[in-house]
Amino acid sequence: MAKYGEGDKRWIVEDRPDGANVHNWHWAETDCLGWSRDLLTKLLNNLTVLDGEGNIHLKTKTVDKVDGEAYVNIRKGKIIPGYEISLSLSWEGEAKDADGKSLLKVDGVVEIPYIADENADEDPEVKISVKDEGPIGKRLKEAMLAKGKPLILEKVRVYVESIAKGGPVKDEVEAKKIATKSNSTAAVAAAAEEVKKEVVVEKKEVKKKKESKKGFKTISMTEKFSCRAKDLFEILMDENRWKGFSQSNAKISKEVGGQISIFDGAVTGTNLELQNGSLIVQKWRFGSWPDGIDSTVRLTLEEPEPGLTVVKLTHSDIPEEDRYGNATVVENTERGWRDLIFQRIRAVFAVVVFLDPMDLASAAGYQASG
């Protein structure tokens with residue numbers, strides 16, 4: 001062992017006269033940002049996410065931006081990747097009705113602000129936005145979150161695995177490994193890789209089983225309106241008034257057993273019990289829910305004093321996840337009742353009492369259709 005302050009020439013790495021990097025003892029760094037752009041573009045461009053399932057069509061368009069840095073260092077045959085990049089990807093979606101007629105086409109953006117080697121074993125954050133924030137636009141966005149996000153993350157993992165194996169210099173590294181390793185070493189490495197794959201598969205199966213357990217929730221709300229109970233009952237059961245305050249198509253039967261369709265057909269159902277001015281019980285189903293699942297809406301209207309109506313809502317049997325695996329169903333349903341129904345009724349109620357259904361549609365700026 002050399003004394004402190006004295007170097008032992010056996011351990012000093014010196015530059016060779018011929019410039020050769022023997023056994024890759026020195027660092028050999030390769031810029032991989034251009035390669036990263038090319039690979040991510042190939043992986044993410046023009047991906048079909050949904051092709052008609054639930055009358056929804058979704059696909060990615062183009063990778064618009066890949067910024068940051070990416071490189072691969074090699075020393076003594078060991079690959080050491082380094083990267084910190086952000087990505088922007090455009091997407092498009094379309095919702096159709098049961099007859100195949102287009103209801104809305106939208107454009108959106110997928111942003112992944114931070115893909116980095118330090119988080120290589122974790123999925124990066126994915127932000128999805130849409131230019132149209134109406135009811136159908138939000139439905140398309142939720143479908144993109146549920147179905148598009150996992151697909152995009154799968155492709156990002158392919159990129160992470162590729163750069164971890166050397167990226168653009170993979171072939172060079174593999175050639176050197178083949179030249180220096182024995183068959184037994186290769187066999188051990190292959191066996192280890194198979195074990196690794198089996199562990200990954202097992203983890204995915206466990207995760208899949210956990211995600212398959214879906215429950216149901218109940219929403220309870222109480223709202224007050226400065227009106228007569230019979231007038232509010234009429235608003236909730238009149239399709240033209242629905243069209244007026246919701247700014248969307250609606251068809252509502254006023255008979256028990258009759259069908260209802262609101263928010264451009266996004267919600268359908270049946271009248272189960274009706275008591276004029278005091279009770280509405282309906283079966284509701286959202287188009288994005290799994291097949292065979294219906295919820296129950298119960299609205300009681302009480303008038304403790306003339307001109308003051310108290311509405312008590314109980315919405316039960318709401319699935320925690322929709323057909324796309326999106327776990328925000330309960331939150332979105334509660335927000336819909338509050339913002340898209342109760343608040344909008346309250347906003348136009350000053351004119352509701354004095355106008356007939358067709359006048360209401362015009363006053364709210366909605367052109368009634370069919």
Side-chain angles (χ1 to χ4, degrees), residues 40 43-65 86-98 100-115 123-156 211 214 217 219 246-249 261-268 284-291 293 295 315 318-341 343-344:
L40 288 168
L43 290 170
L44 295 172
N45 275 11
N46 300 314
L47 289 177
T48 298
V49 179
L50 285 177
D51 192 19
E53 295 88 337
N55 294 325
I56 290 179
H57 298 262
L58 297 173
K59 65 175 292 186
T60 65
K61 295 170 67 178
T62 58
V63 173
D64 301 317
K65 181 185 70 173
S86 61
L87 181 149
S88 179
L89 169 69
S90 58
W91 65 277
E92 62 183 13
E94 181 179 13
K96 297 183 178 181
D97 61 17
K101 181 181 178 182
S102 179
L103 298 175
L104 181 69
K105 292 182 179 181
V106 300
D107 291 313
V109 176
V110 177
E111 293 182 304
I112 307 180
Y114 192 64
I115 305 174
D123 287 332
E125 178 186 13
V126 176
K127 299 178 180 180
I128 296 180
S129 60
V130 65
K131 293 181 180 179
D132 189 315
E133 288 289 347
I136 299 179
K138 288 182 179 179
R139 180 184 169 195
L140 291 169
K141 176 183 175 181
E142 289 171 3
M144 188 65 181
L145 277 166
K147 287 295 185 179
K149 178 180 176 181
L151 179 59
I152 291 169
L153 287 175
E154 177 185 329
K155 301 301 182 182
V156 171
E211 291 177 345
K214 301 177 182 178
K217 296 289 185 180
I219 293 173
S246 71
Q247 296 291 285
S248 61
N249 285 320
S261 174
I262 55 178
F263 293 117
D264 293 323
V267 179
T268 56
W284 276 30
R285 168 175 170 75
F286 290 69
S288 60
W289 289 2
D291 293 338
I293 293 181
S295 63
H315 193 164
I318 302 172
E320 291 183 336
E321 295 184 359
D322 61 17
R323 68 168 71 239
Y324 311 111
N326 182 13
T328 60
V329 175
V330 178
E331 175 188 348
N332 291 342
T333 304
E334 184 172 5
R335 185 169 59 246
W337 274 107
R338 183 179 61 251
D339 298 341
L340 302 181
I341 299 179
Q343 292 289 13
R344 290 193 179 181

| said: Let me confirm one number: the CZ-CG distance from R344 to D339, rounded to the nearest 0.5 Å. | reply: 8.5 Å

| Do the non-hydrogen side-chain atoms of V110 and M144 ever get within less than 4.5 Å of each other? | yes

| said: How long is the straight-line distance from OG of S90 back to CG of L44, given to the nearest 0.5 Å? | reply: 10.5 Å

| said: Using the rule given for side-chain contact (heavy atoms from CB on, under 4.5 Å), can you reason through L340 versus S246, listing the C-alpha separation, both sets of side-chain angles and the distance that settles it, and then say yes or no? | reply: CA-CA 7 Å; L340 302 181; S246 71; over 6 Å; no

| field | V329/F286 under side-chain contact (heavy atoms from CB on, under 4.5 Å): CA gap, chis, key distance, verdict | value | CA-CA 10 Å; V329 175; F286 290 69; over 6 Å; no

| Looking at CG of N326 and CD of E320, how far apart are the two atoms once the value is rounded to the nearest 0.5 Å? | 12.0 Å

| said: Between E94 and L104, is the side-chain contact (heavy atoms from CB on, under 4.5 Å) condition met? List the steps. | reply: CA-CA 6 Å; E94 181 179 13; L104 181 69; over 6 Å; no

| message | Filter on side chain to side chain donor-acceptor pair (under 3.5 Å), then keep only pairs touching residues 135-145, sequence neighbours left out; what's left? | response | E142-N332

| query | Between the side chain of N45 and the main-chain N/O of V63, is any donor-acceptor distance below 3.5 Å? | reply | yes

| task | Measure the CG-CG distance between D97 and N249 for me, rounded to the nearest 0.5 Å. | result | 10.5 Å

| request: Taking salt bridge (Lys or Arg N to Asp or Glu O under 4.0 Å) as the test, write out the residues that go with K147, two or more places apart. | output: none

| said: Between K105 and E92, does any NZ, NE, NH1 or NH2 come within less than 4.0 Å of an OD or OE carboxylate oxygen? | reply: no

| remark: Taking every heavy atom of A143 against every heavy atom of L50, the minimum-distance pair comes out as CB-CD1, 4.2 Å

| query | Any side-chain heavy atom of S88 within less than 4.5 Å of one from V109? | reply | yes

| said: Using side-chain heavy atoms (C-beta onward) and a distance below 4.5 Å, is P124 in contact with V156? | reply: yes

| task | Kindly compute the distance separating CG (L87) from CD (E111), expressed to the nearest 0.5 Å. | result | 9.5 Å

| query | Are the side chain of Q343 and the backbone N or O of I341 linked by a donor-acceptor pair below 3.5 Å? | reply | no

| field | Test item: L89 and I152 side chains (from C-beta on) under 4.5 Å apart, heavy atoms | value | yes

| query | Judged by atom type as modelled, is there a donor-acceptor pair below 3.5 Å linking the side chain of W91 to the main-chain atoms of S129? | reply | yes

| task | To the nearest 0.5 angstrom, please state how far the CG atom of L140 sits from the CG atom of D132. | result | 8.5 Å

| Do the rings of W284 and W337 sit parallel, tilted or perpendicular, given the 30° and 60° boundaries? | parallel

| task | Check step by step if side-chain contact (heavy atoms from CB on, under 4.5 Å) holds for I56 and Y324. | result | CA-CA 11 Å; I56 290 179; Y324 311 111; 3.3 Å; yes

| So does K61 have more than 12 non-hydrogen atoms from other groups sitting under 6.0 Å from NZ? | yes

| message | Any heavy-atom pair between the side chains of D51 and H57 that's under 4.5 Å? | response | yes

| query | Within the side chain of S86, is there an N or O that forms a donor-acceptor pair under 3.5 Å with the backbone of Y114? | reply | no

| said: So which atom in F263 and which in V267 form the shortest heavy-atom distance, rounded to 0.1 Å? | reply: CD1-CG2, 4.3 Å

| query | Looking only at heavy atoms, what is the nearest atom pair of A95 and I136, with distance? | reply | CB-CG2, 3.6 Å

| Partners of D291 by salt bridge (Lys or Arg N to Asp or Glu O under 4.0 Å), sequence neighbours excluded? | R285, R323

